[in-house]
Amino acid sequence: MEAAKKQGRGFEDGKPNGSDGVKALEEEVASLRATLNKLESDLETKTKEMSAAEANTVALRKQSEGFLLEYDRLLEENQNLRNQLQSLDQKLSRSGSKKNM
């Protein structure tokens, strides 16, 4: 009982200090809320940036695959044209050697 009375007197005596403490805590809470809001905003921004970067990565990967297919097609076409040229050169060299006879 006596301890409860002393504790009650302590609250009464420290009431102005308790009020200052409450104000300090309220300010800290407000500061932490502001920080939380900023962090949530930063998170949202970074999430959007990440989504855009992922979409860009997918687009570049598809573009790269298209370039690879086109490169392969051009290599094949180049080889076919070289073969045709070689064939024509052989035919011309044969017909030229027949004329010389």
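Computation of the quantities below employed the complete heavy-atom set of this structure, encompassing side-chain atoms and omitting hydrogens, waters and symmetry-equivalent molecules. Each residue takes its place number in the sequence, starting with 1.
- A distance of 11.0 Å separates CG of Leu69 from CG of Leu74, quoted to the nearest 0.5 Å.
- For the atom pair Leu75 CG and Glu70 CD, the distance stands at 10.5 Å (nearest 0.5 Å).
- Qualifying side-chain hydrogen bond (donor to acceptor under 3.5 Å, both in side chains) partners for Lys38, counting only residues two or more places apart in sequence or in other chains: Asp42.
- Taking Glu44 as the reference, Lys48 meet the salt bridge (Lys or Arg N to Asp or Glu O under 4.0 Å) condition, with sequence neighbours excluded.
- Between the side chains of Asn37 and Arg33, no donor-acceptor pair is found at a separation under 3.5 Å.
- In terms of modelled atom types and a separation under 3.5 Å, the side chain of Ser64 and the main chain of Leu60 share no donor-acceptor contact.
- When the salt bridge (Lys or Arg N to Asp or Glu O under 4.0 Å) test is applied to Glu77, the partners found at least two apart in sequence or on another chain are Arg73.
- The backbone N or O of Ser31 sits less than 3.5 Å from a side-chain atom of Thr35, completing a donor-acceptor pair.
- Taking CG of Asp89 as the reference point, atom CD of Gln84 lies at 12.0 Å (rounded to 0.5 Å).
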Derivation of the side-chain contact (heavy atoms from CB on, under 4.5 Å) call for Glu76 and Asp72: CA-CA 6 Å; Glu76 185 178 348; Asp72 288 342; over 6 Å; no
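- Asn83 and Gln79 share a side-chain donor-acceptor pair at under 3.5 Å.
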Could you go step by step and tell me if Lys46 and Met50 meet the side-chain contact (heavy atoms from CB on, under 4.5 Å) rule? CA-CA 6 Å; Lys46 295 295 182 185; Met50 185 185 70; over 6 Å; no
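- Rounding to the nearest 0.5 angstrom, the gap separating the OG atom in Ser87 from the CG atom in Leu92 is 9.5 Å.
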